[in-house]
Novice: 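Got a structure for you, written out below as structure tokens; questions coming shortly.
Basis for what follows: all heavy atoms, side chains included, without hydrogens, waters or symmetry-related copies.
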There are 2 protein chains.
Amino acid sequence: MLQLSKKVEYGLIALRHMAMNPRGQVFAAKEIAVKFDISYELLAKVLQKLTKAGVVISTQGMHGGYSLAKKPNELRVSSIISVIEEERPTIAECYAEGGEDCSIFNACTIRKPLGKMQHNLNLLLENTTLEQIV
Amino acid sequence: MLQLSKKVEYGLIALRHMAMNPRGQVFAAKEIAVKFDISYELLAKVLQKLTKAGVVISTQGMHGGYSLAKKPNELRVSSIISVIEEERPTIAECYAEGGEDCSIFNACTIRKPLGKMQHNLNLLLENTTLEQIV
DNA sequence: GTAATATAAGACTGGAATAGTCGTATTTAT
DNA sequence: ATAAATACGACTATTCCAGTCTTATATTAC
Ligand code: SF4
Ligand code: SF4
């Protein structure tokens, strides 16, 4: 309930790890997975999504790995979640894109009021950057 | 992802409905379910939990139903969620009670930093009362 | 006292979402 | 060539959630 997914947590752990070290240093997914005792395959997929989104830079081949593409204070938790989940974090499905398919949509009386909560959640996630996770 | 469950939404809708009407008026679960086009059985179970927690008062038998037990400005969303879900809303399992069973608990480096987010979420949910949902 | 209407409570089911795994291709340093 | 790394998609297992069903109990109306 309201919990971040494991994928997001793993992504944050990896990103934090990179942010703690000198800029530009590359880390292999395997290396991170072992260090933090998380599934290598799962972490790899997360890092691949972060790569596509330009959050990290990947270098393939031997001695390859990932390195942070942005400054920690430019990386908002909200966008990290969006990238990994492939959708914005919402408090109710009707606040997601194309989210009018809630079966109750028309009869719902709390949609509008919940908008304030959604807005505050947005602020919270936008104002929390990777820098603050360090 | 981060979404309120349907049970919580249905609970909020029902509570809001009661809050919109004169204090003490009773509403049958069936009546509310029909009005808002939600599953009667599901709503009934939610209202039963709210009854046990003293959020609403139930009267059994014919012409029975539920009525609000507290003033809308005394009812915080955080506690409504706690009652319906039977656990506090948390951003990660380790923030729930007895939540040390995360497989990564010891290696996790983001637990502490996420504490701030958890705290802010708490504030958000505590500061939102039923009155503001009306 | 019986029928009708309501809550109480818990078991059960189906489907969706999540976590995790596997297989294979590709890239690159040595 | 080989080893070590990313890339990518299919697959599986498990857990969670929404919804249903069943039975029991309480209260009112008649
Ligand atoms: S319309 Fe109402 S019930 Fe449906 S998702 Fe939005 S808030 Fe929840
Ligand atoms: S310990 Fe870390 S990984 Fe485990 S639930 Fe808490 S924050 Fe998430």
Novice: Might you point out which heavy atoms bring B:Gly24 and B:Ser67 nearest each other, and give the distance in Å?
Specialist: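 Reported closest heavy-atom pair: O-CB, 3.8 Å.
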Novice: Report the distance from atom CD of A:Gln3 to atom C1' of D:dT15, rounded to the nearest whole Å.
Specialist: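 For the pair A:Gln3 CD and D:dT15 C1', the rounded distance is 13 Å.
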Novice: Given B:Gln3 and A:Leu2, is the side chain to side chain contact (heavy atoms under 4.5 Å, CB included) satisfied, shown in steps?
Specialist: CA-CA 6 Å; B:Gln3 281 181 198; A:Leu2 292 179; over 6 Å; no
Novice: Classify the nucleic acid contact of A:Lys49 as base, sugar-phosphate or nothing, counting any heavy atom under 4.0 Å across all strands shown.
Specialist: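 Since no nucleic acid heavy atom lies under 4.0 Å of A:Lys49, the category is nothing.
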Novice: Below 4.0 angstrom from OP1 or OP2 of C:dA6, is there any side-chain N or O of B:Ser58?
Specialist: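 For B:Ser58, the contact criterion (side-chain N or O under 4.0 Å from OP1 or OP2 of C:dA6) is not met.
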Novice: Rounded to whole Å, please give me the gap between NZ in B:Lys30 and P in C:dT7.
Specialist: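 Answer to the nearest Å: 10 Å.
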Novice: If only atom types and distance count, is the side chain of B:Thr129 paired as donor or acceptor with the main-chain N or O of B:Arg76 below 3.5 Å?
Specialist: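 Such a contact is absent between B:Thr129 side chain and B:Arg76 backbone.
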Novice: Got a sec, which residues hit salt bridge (charged side-chain N to carboxylate O under 4.0 Å, His left out) with A:Lys6, two or more places apart in sequence or on another chain?
Specialist: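 Here the qualifying residues are A:Glu9, B:Glu93.
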Novice: Would you say B:Thr59's side chain and B:Gly65's backbone share a donor-acceptor pair under 3.5 angstrom?
Specialist: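 It does hold such a pair.
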Novice: Counting the atoms with a prime plus P, OP1 and OP2 as sugar-phosphate, which does B:Ala29 contact under 4.0 Å by heavy atoms, base, sugar-phosphate, or nothing?
Specialist: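 Sugar-phosphate only.
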Novice: B:Phe27 has an atom CZ; how far is it from atom P of C:dT7, in whole Å?
Specialist: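 One finds 13 Å between P of C:dT7 and CZ of B:Phe27, rounded.
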Novice: Dump every N/O contact between nucleotides 28-30 of chain C and the protein below 3.5 Å, one line per pair.
Specialist:
residue, atom, partner, partner atom, Å
C:dT28, O2, A:Met62, N, 3.3

Novice: Just by protein heavy atoms under 4.0 Å, how would nucleotides 16-25 of chain C read 5' to 3' in B, S and -?
Specialist: ---SBBB---
Novice: Tell me: CD1 of B:Ile38 to P of D:dA18, nearest whole Å?
Specialist: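 In whole Å, D:dA18 P lies 12 Å from B:Ile38 CD1.
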Novice: State which residues pass salt bridge (charged side-chain N to carboxylate O under 4.0 Å, His left out) with B:Lys49; sequence neighbours excluded, sorted by chain then number.
Specialist: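 Counting only residues at least two positions away or on another chain, B:Lys49 forms a salt bridge (charged side-chain N to carboxylate O under 4.0 Å, His left out) with B:Glu86.
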Novice: Grab the CD-C1' distance between A:Gln48 and D:dA5 for me, whole Å please.
Specialist: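 Taking atom C1' of D:dA5 as the reference, CD of A:Gln48 is at 11 Å.
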Novice: Nearest-Å distance, CD (B:Glu9) to C1' (D:dG19)?
Specialist: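 Answer to the nearest Å: 15 Å.
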Novice: How would you list all residue pairs meeting side chain to side chain donor-acceptor pair (under 3.5 Å) that involve residues 107-122 of chain A, not counting sequence neighbours?
Specialist: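 Non-adjacent pairs meeting side chain to side chain donor-acceptor pair (under 3.5 Å): A:Gln118-A:Asn122.
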Novice: In whole Å, I'd like the distance from the CD1 atom of B:Ile57 to the C1' atom of C:dA6.
Specialist: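 Rounded to whole Å, this separation is 17 Å.
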Novice: Please list all pairs passing the ring pair (Phe, Tyr, Trp, His ring centres under 6.0 Å) test where one or both residues lie in residues 44-102 of chain A, with sequence neighbours left out.
Specialist: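 Output for this query is empty, none listed.
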Novice: Could you report the tightest heavy-atom contact between A:Leu124 and B:Leu121, atom names first, then the distance?
Specialist: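 That would be CD2-N, 4.1 Å.
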